[in-house]
Amino acid sequence: MEWIERAPAKINLTLDVLFKRDDDYHELEMIMSSVDLADYLTFTPLEENKIEVYTNKAFLPVDRRNHVYQIIKLVKDRYGIRTGMLVEIEKKIPVAAGLGGGSTDAAATLRALNRIWNLEMTLDEMIELGMCVGTDVPYSLVGGTAFVSGLGEIVTPLKPMPSCWVVLAKPRISVSTKTVFRALEVEQLTCEPKSRSVARAIQAGDYYGMVNNLSNALEAVTFERHPTLRQLSDRMERYGMDGVTMSGSGPTIIGFSQNYSRAKRVYNSLRGFCEEVYITRTLK
Ligand code: ATP
């Protein structure tokens, strides 16, 4: 028997870095939302005690470096499971793009294993296991539109964000989240935290209040290393998107519009300039 689980990508409407903690991790506030771009994971239980992961992207590791492998191993150890699991990941979400691809695959795996092996894990138990693999996993377990704080483990659901089109543009640049955080000088951050204003706008259904307050504290570091990203962001604004920001640590730049033909025009104009461009809606 096979089980299929959908794993949607996330975007950041905001990413505020509040301070650096004594353990060197950063305390964050973020607004995240799921978009209609997803990986699909197919699970096949095995009699034999082994973990097998396959994917359609040759460059992705399928051993213990893969988040899906890591979650299965953690769950098997925690619950003493002596049978195995085979997972095929149909990867549609760009990798290392700031769209939370690895984390959403890990969350989808937790959901699937909970059902297949009848583990009766609560959301809090899944969040605790998920944090061992990635700080975006808790958000991916909850999904929708949410205010995310702490290191990523505190997820407060919000109303669905006002309906709009989202254009995602990912140039051929790889960004390591760890390197970006390491280069960040928190004391020198000049941008004001915006997550609470955006949360209020979303709760009020105020689309312009939302798009006028998009922000990402990591933009300065990533844009300095990759100036073409600033050009891409400026270009999307010039083309008439209502609001533009970077997702996660980048490099994906996202633009918002309530007008489909304008979003489609921007999508078409960027396709020659950028390696991967998508037009999506947010998920309820
Ligand atoms: P992060 O902000 O956590 O770095 P991201 O969205 O920018 O996330 P991901 O697509 O999650 O990037 O990839 C980050 C790294 O995780 C990549 O180097 C990739 O090799 C590794 N990885 C492990 N498992 C997966 C997976 N199932 N899907 C995507 N990447 C994975």
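Counting starts at 1 for both ligands and their atoms, in listed order. Just the heavy atoms: all of them, side chains too, but no hydrogens, waters or symmetry mates, feed the values below.
In terms of N/O distances under 3.5 Å, ligand 1 is approached by Ala96. Inclusion of Ile89 in the set of residues having an N or O under 3.5 Å from an N or O of ligand 1 is not warranted. At under 3.5 Å, a nitrogen or oxygen of Leu99, whether backbone or side chain, sits near a nitrogen or oxygen of ligand 1. On a distance-only criterion, Asn66 and ligand 1 share at least one N/O pair closer than 3.5 Å. At least one N or O atom of His67, backbone or side chain, sits closer than 3.5 Å to an N or O atom of ligand 1.
Of the protein's non-hydrogen atoms, Asp105 OD2, 3.0 Å is the one closest to atom 27 (N) of ligand 1. Arg65 O, 3.4 Å is the protein heavy atom nearest to atom 23 (C) of ligand 1. From the protein, the heavy atom lying nearest to atom 2 (O) of ligand 1 is Thr177 OG1, 2.9 Å. When hydrogens are left out, the protein atom nearest atom 30 (N) of ligand 1 is Leu60 CD2, 3.6 Å; that is the closest non-hydrogen contact.
Using a cut-off of 4.0 Å between Lys/Arg side-chain N and Asp/Glu carboxylate O, Glu5 and Arg115 are scored as salt-bridged.
Checking Thr245 against Asn216 by side-chain atom types alone, no donor-acceptor pair falls below 3.5 Å.
Within a 6.0 Å radius of NZ in Lys76, other residues, nucleotides and ligands contribute more than 12 heavy atoms. Residue Tyr79 qualifies as enclosed at atom OH: its count of foreign heavy atoms under 6.0 Å is above 12.
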Inset, instruction - Show the numbers, then the answer: is there a side chain to side chain donor-acceptor pair (under 3.5 Å) between Asn259 and Ser261? - result: CA-CA 6 Å; Asn259 180 314; Ser261 25; 3.1 Å; yes
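The option from Gln70, Lys10, Lys91, Arg64 that lies nearest to atom 28 (N) of ligand 1, judged by heavy atoms, is Lys91. Around atom 8 (O) of ligand 1, the closest heavy atom drawn from Pro251, Ala108, Gly100 belongs to Gly100. The nearest non-hydrogen atom to atom 25 (C) of ligand 1, considering only Gly102, Gly101, Gly98, Ala7, comes from Gly102.
Here the side chain of Gln203 pairs a donor or acceptor atom with the backbone of Lys159 at under 3.5 angstrom. Here the side chain of Gln70 pairs a donor or acceptor atom with the backbone of Arg64 at under 3.5 angstrom. A donor-acceptor pair under 3.5 Å links the side-chain atoms of Thr222 to the main chain of Ser249, judged by distance alone.
Contact annotation: for Asp39 versus ligand 1, there are no heavy atoms closer than 4.0 Å. Contact annotation for Ala97 and ligand 1: only backbone heavy atoms (N, CA, C, O) come within less than 4.0 Å of the ligand.
There is no protein heavy atom closer than 4.0 angstrom to atom 18 (O) of ligand 1.
Results of the ring pair (Phe, Tyr, Trp, His ring centres under 6.0 Å) test with Trp165 over Tyr260, Tyr267, Tyr278 single out Tyr260 as the only residue that passes.
Residues Lys20 and Phe181 are not in side-chain contact: their nearest non-hydrogen atoms beyond the backbone lie 4.5 Å or more apart.
Not a single heavy atom of Gly134 sits under 4.0 Å from any atom of ligand 1.
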